[in-house]
Number of protein chains: 2
Amino acid sequence: MIRLFIAEDQRMLLGALGSLLDMEPDMKVIGQAMNGEEALREIHRLQPDVCLMDIEMPVLSGLEVAEELARSASPAKVIILTTFARPGYFERAVKSGVHGYLLKDGDIAELADTIRQVITGKRVFSPELTFHAIREENPLTPKEQEILRLAALGKTTKQITSELYLSSGTIRNYISEILQKLGANNRTEAAKIAAEKGWL
Amino acid sequence: MIRLFIAEDQRMLLGALGSLLDMEPDMKVIGQAMNGEEALREIHRLQPDVCLMDIEMPVLSGLEVAEELARSASPAKVIILTTFARPGYFERAVKSGVHGYLLKDGDIAELADTIRQVITGKRVFSPELTFHAIREENPLTPKEQEILRLAALGKTTKQITSELYLSSGTIRNYISEILQKLGANNRTEAAKIAAEKGWL
DNA sequence: AAAATCAGGTGACAATTGTCATATTTTTAT
DNA sequence: ATAAAAATATGACAATTGTCACCTGATTTT
């Protein structure tokens with residue numbers, strides 16, 4: 001019997017997945033969570049065989065949870081289940097050693113199938129992701145990401161200055177660099193591009 | 001037997017909802033669609049009793065479909081099912097006369113219950129939405145929305161100019177007005193605020 | 001018909017933003 | 001220990017952005 005844990009912040013999908021997977025004869029859903037922190041705690045406690053994990057969740061993202069599980073050498077296998085084909089997400093997920101990465105665009109049978117494959121030690125990645133230019137690496141350094149994250153919220157150079165304790169010239173230099181890297185004309189466009197790619 | 005139609009662009013949720021609602025003894029899912037255009041066509045053809053409709057779908061949004069159904073005096077009752085508590089969405093939905101508005105944050109039982117209520121002619125709205133400040137009306141005029149939509153993509157004043165055939169001064173006047181209405185400090189922040197509220 | 005409203009525009013100004021070349025300082029590598 | 005690299009800072013400049021007061025011509029309202 002495969003013991004499953006599901007972390008997903010959209011209650012309706014969480015409930016639906018839970019019900020349907022529980023109907024599979026060889027699976028049992030032993031726990032659920034609606035945010036990353038709770039998920040991490042419960043996974044440590046319950047020691048499931050496989051965790052299905054959404055990425056965009058409150059408190060801790062699914063990627064952060066996966067990274068933390070890897071750090072603590074948890075035996076639980078992680079399958080990321082997300083709406084978004086953002087390259088940055090995929091890159092981070094693979095780096096943290098997850099066993100699967102699926103889009104919420106397949107059907108439940110496919111998901112159940114993936115779970116069974118993962119249990120045997122295989123890794124399963126959505127073909128949409130392994131192909132084409134989705135392999136783009138995030139060109140931004142951590143500091144650049146941090147600055148763009150703030151700029152994307154509409155903060156001015158001055159506001160960023162006082163959050164990061166850097167001079168306003170430095171901030172503008174960083175932004176200038178970011179714009180070149182992303183081929184954007186201004187902060188707003190840069191923010192849009194980075195958000196689409198999952199780089200922020 | 002209640003005849004249901006489901007329009008939802010996330011295949012996994014679509015499939016899951018379909019399976020689970022079909023198990024209800026008094027319901028039958030007679031059709032599904034993954035975009036608004038297909039949904040509209042199929043609803044006209046199949047004449048379901050109730051349509052569950054996501055808002056954010058390709059081609060036509062769920063709101064546009066609901067508005068079109070209202071215009072054509074379709075007897076199908078519409079229940080909007082969305083992740084987002086954006087006030088602008090709710091306002092538009094109510095104006096187009098939908099019979100229900102639920103967040104994807106309840107469980108399936110609640111959804112089934114809502115469907116049964118709607119069938120009897122009742123209207124059901126998620127309590128999260130009918131209360132508090134979520135009643136905020138969109139303060140932006142259509143032209144302002146159009147301009148902000150472009151600005152939110154990172155377009156410069158000059159680019160907006162050439163798309164809308166307005167002078168650059170006029171664009172800047174509009175943006176200035178938008179910033180005041182939204183209490184934002186710059187375009188980026190304005191875009192963020194409007195997007196959150198569902199006003200763009 | 002006069003008055004008000006509206007969509008669009010001008011011009012002037014200050015502040016912010018983006019670019020670039022060039023320091024200075026701190027870290028890292030050899 | 002020294003050289004190379006990175007991170008941070010400056011200053012100068014042009015372009016863009018945001019603010020404001022005011023103008024013009026239609027269209028509505030009264």
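To find a chain, count down the sequence lines: A is the first, B the second, and so on, and within it residues start at 1.
- Summary of the strand contacts: A:A184 and B:N173 both lie near DNA chain C, and taking for each the nucleotide with the nearest heavy atom, the more 5' one is attributed to B:N173.
- Between A:K155 and A:G169, the residue anchored closer to the 5' end of DNA chain C is A:K155, taking for each the nucleotide with the nearest heavy atom.
- Counting non-hydrogen atoms under 4.0 angstrom, B:T157 reaches the backbone sugars and phosphates but no base.
- Considering all non-hydrogen atoms of both residues, A:A194 and A:L182 come closest at CB-CD1, 4.2 Å.
- For an aromatic pair to be called close, the ring centres must be under 6.0 Å apart, and A:F125 with A:F90 satisfies this.
- Read 5' to 3', the first and last nucleotides of DNA chain C with an atom closer than 4.0 Å to a heavy atom of chain A are C:dT16 to C:dC20.
- One can place CZ of A:R172 at 17 Å from P of D:dT8, the figure rounded to the nearest angstrom.
- The minimum heavy-atom distance between A:M1 and A:D26, with the atom names listed, is SD-C, 3.3 Å.
- The closest donor-acceptor contact from the side chain of B:R116 to the backbone of B:I2 lies at 3.5 Å or more, if one exists at all.
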Worked check of salt bridge (Lys or Arg N to Asp or Glu O under 4.0 Å) between A:K155 and B:E189: CA-CA 7 Å; A:K155 308 225 177 187; B:E189 195 181 356; over 6 Å; no
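- Distance CD (A:E144) to P (D:dT8): 11 Å, rounded to an integer number of Å.
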Test side chain to side chain donor-acceptor pair (under 3.5 Å) on A:T188 and B:T188; report intermediate values, then the result. CA-CA 6 Å; A:T188 309; B:T188 310; 2.6 Å; yes
